[in-house]
Every structure is written in structure tokens, then in C-alpha cells.
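Right, one structure below, let's go through it.
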Amino acid sequence: MEKLIITAAICGAEVLKEHNPAVPYTVEECVREAKSAYEAGASIIHLHVRWDDGTPTQDKERFRVIMEAIRKECPDVIIQPSTGGAVGMSDDERLQPTELNPEMATLDCGTCNFGGDDIFVNTENTIKYFGQRMIERDIKPECEVFDKSMIEMAVRLAKKGYIKTPMHFDFVCGVNGGIGGDIRDFTFLRGAIPEGSTYTVAGVGRYEFPLAALAIIDGGHVRVGFEDNVYLSKGVLAKSNGELVEKVVRLAKELGREIATPAEARQILGLKPLK
Ligand code: KMH
Ligand code: ZN
């Protein structure tokens with residue numbers, strides 16, 4: 001079985017210090033959280049950025065500063081900026097970090113409710129626009145799917161040339177408005193991706209670790225982090241993203257799965273090796 005790629009979604013756009021005081025907003029806090037995850041075994045950092053007061057932004061310069069600061073401490077880690085940003089942002093606002101030519105970025109493959117009155121809008125034309133941008137800039141998309149129909153959208157747009165194959169998916173399970181995070185939800189998504197694709201699973205809240213275990217057994221990959229879940233176990237806040245990654249490493253060890261280094265993750269995902 002391939003080694004396990006662990007992604008740490010260290011920050012997100014919605015989670016706040018009120019949920020867990022270790023949620024990073026400042027440059028220094030982002031570096032601290034990325035480093036803790038990297039040292040624990042994460043090879044990919046899925047990155048949103050905030051202004052110092054916690055407001056989410058897709059500002060290119062803010063991304064540049066934080067990505068450079070993370071690289072100083074985690075020289076070979078794969079940094080995967082979000083192009084989802086926060087609900088309500090325009091397409092061009094969201095696309096700003098792609099101008100920095102990251103190795104990877106997220107590509108959200110459909111529209112869904114996102115709690116309360118929020119709607120996370122990704123029309124077919126938006127997905128084509130984002131997909132085209134990633135092809136032009138040689139950025140590997142992580143196709144974020146919040147439901148099975150989004151896999152079908154990604155497959156259809158890949159056939160039309162908007163997404164390169166083999167595709168890499170992220171099953172985000174447990175968002176209010178998307179698919180749930182039970183075993184049958186996972187197997188439904190898992191069975192729908194084309195052969196030769198890779199996937200990671202991001203379970204929201206209480207789904208984080210049970211889904212991680214399923215992916216470890218199945219040969220998939222795992223995303224954890226404050227974006228998805230702030231608890232180490234029921235009622236116990238994680239002190240850092242690193243603690244969440246450490247728990248996945250422990251599960252993987254018990255289940256006999258080795259952890260991929262960033263270089264191995266690049267190989268598995270078909271990214272160019274670092275120069
Ligand atoms: N913050 C969500 C609205 C992504 O990173 O691409 C979108 C999101 C997805 O987090
Ligand atoms: Zn995200």
C-alpha cells in the first residue's frame with residue numbers, strides 16, 4: 001500500500017479563537033501551527049489566511065508573506081492554498097493565491113449550503129475558470145467535494161479538458177449542507193472516483209478520526225486540522241494542529257501504514273520533485 005499523505009488544514013476561514021485559542025490568525029501563529037503539523041508528520045499544509053484580527057482574506061500579499069514564512073521553518077512541505085476562501089468572496093478574489101504559482105491548490109467542485117444562510121457558490125463556469133487557471137499555471141488541483149454530485153461534475157469537466165487526470169479528490173464530510181460522515185457516506189464517495197485517482201478525506205467535527213481510520217485502512221489519505229475540527233477527543237481541545245496530526249500518525253502506526261514524507265507525497269500525487 002502507498003504511504004499515507006497527511007494534510008493539515010491549519011486555519012480555515014470560519015473557525016475562530018473562540019472555538020479554540022490555538023486557531024492561527026497572525027503570520028507567527030500560522031508558522032507555529034504549520035511547523036507543529038509538519039514536525040508531527042504532515043506533508044501538505046492546506047492554507048487559508050486571515051488578517052491579524054481573524055478576518056479571512058485571499059489577499060495575494062498576505063499569502064506570499066505567510067507562505068514564505070512557513071517555508072523557512074518547513075522547507076520541503078507542500079503548501080496548498082485554498083481557492084475556496086470564505087463564503088461570499090468573488091471568483092477573482094478567491095483565485096489570488098494561484099498567482100503565486102503554488103504546487104497545489106483546492107478546486108471546489110460544486111455549490112452547497114454552508115450553515116445558516118450561507119451558500120458556498122461554485123457554478124459550473126466558476127469551476128471551469130478555476131480549472132483552466134490551474135492548468136495554465138501547472139497547479140495540481142485538489143478537487144474538494146462536499147457531495148457525490150461534485151465528483152460527477154469534476155469527472156465531466158476533466159473529460160472536457162478543464163481538470164487534468166489522474167485527479168486528486170478531497171472528500172469533505174460533515175459540513176451542514178454537504179454529505180455526512182458515516183461509513184456509508186465514505187464508501188459512496190470512494191466508489192464514485194475514477195480508477196487511478198487519489199483521495200484524501202476530511203471529516204468535520206466528530207467525523208475526523210473515524211474517517212481517518214477508514215482512509216488509512218483503504219489506502220487513501222487523510223486531512224485533519226482546525227479548519228475541520230478543534231478537538232483531540234470528545235470535549236478535549238487540541239493544543240495544536242500538530243496534536244491532531246500526531247493522533248493520525250498513531251492510528252496509522254497501529255494499522256501498519258507508513259507516513260509519506262513531502263518528497264514521497266509529491267511522487268504519489270505526480271508533483272514535480274523539489275529542486
Ligand atoms: N471556507 C469554505 C467556504 C477550500 O478551502 O477550498 C471553503 C473552503 C474550501 O474551505
Ligand atoms: Zn479550506
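One-based numbering, in listed order, for ligands and for the atoms of each. Note that these values count all heavy atoms, side chains included, but never hydrogens, waters or copies made by symmetry.
Near H46, the atoms of ligand 1 lying under 4.0 angstrom from a non-hydrogen atom of the residue are 5 (O). Here is the list of ligand 1 atoms found below 4.0 Å of a heavy atom in G84: 4 (C), 6 (O). If you number the atoms of ligand 1 from 1 as listed, the ones under 4.0 Å from a heavy atom of D108 come out as 4 (C), 6 (O), 9 (C). If you number the atoms of ligand 1 from 1 as listed, the ones under 4.0 Å from a heavy atom of F114 come out as 2 (C), 3 (C).
Formation of a donor-acceptor pair under 3.5 Å by the D53 side chain with backbone atoms of T55 is found in this model. Counting only distance, with no hydrogens or angles, the side chain of R223 and the backbone of V172 share no donor-acceptor pair below 3.5 Å.
Not close to ligand 1: G12, with no non-hydrogen atom less than 4.0 angstrom away.
E144 lies apart from the Zn ion (ligand 2) in this respect, since none of its N, O or S atoms is found at a distance under 2.8 Å.
Vertex the Zn ion (ligand 2); arms to E227 atom OE2 and H48 atom NE2; angle 100° (nearest 10°).
Classified by interplanar angle (parallel below 30°, tilted 30° to 60°, perpendicular above 60°), the ring pair F186/F171 is perpendicular.
Scanning the protein heavy atoms around atom 10 (O) of ligand 1, the nearest turns out to be E227 OE2, 3.0 Å. If you check which protein heavy atom lies closest to atom 3 (C) of ligand 1, you get E14 OE2, 3.4 Å. For atom 7 (C) of ligand 1, the closest non-hydrogen atom on the protein side is F120 CZ, 3.4 Å. Closest to atom 8 (C) of ligand 1, if we only count protein heavy atoms, is H48 CE1, 3.9 Å. Distance from atom 5 (O) of ligand 1 to its nearest protein heavy atom, with residue and atom name: S82 OG, 2.7 Å.
For the residue pair T57/R62, the side-chain donor-acceptor check at 3.5 Å is not satisfied. In this model, no donor atom of one side chain and acceptor atom of the other lie less than 3.5 Å apart for D185 and Y207. Checking D92 against S90 by side-chain atom types alone, no donor-acceptor pair falls below 3.5 Å.
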Inset, instruction - Applying side-chain hydrogen bond (donor to acceptor under 3.5 Å, both in side chains), run through Y231 and N20 and close with a yes or a no. - result: CA-CA 9 Å; Y231 292 98; N20 183 326; over 6 Å; no
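In this structure, the side chains of L16 and R50 come closer than 4.5 Å at one or more pairs of heavy atoms.
Taking distance alone, with nitrogen or oxygen atoms compared against 3.5 Å, A86 stays at or beyond that limit from ligand 1. For ligand 1, the polar-atom distance check finds an N/O of T106 within less than 3.5 Å of one of the ligand's N/O atoms.
Following chains of ILVMFWY side-chain contacts shorter than 4.5 Å, one cannot reach V201 starting from L4, and the two form parts of different hydrophobic clusters.
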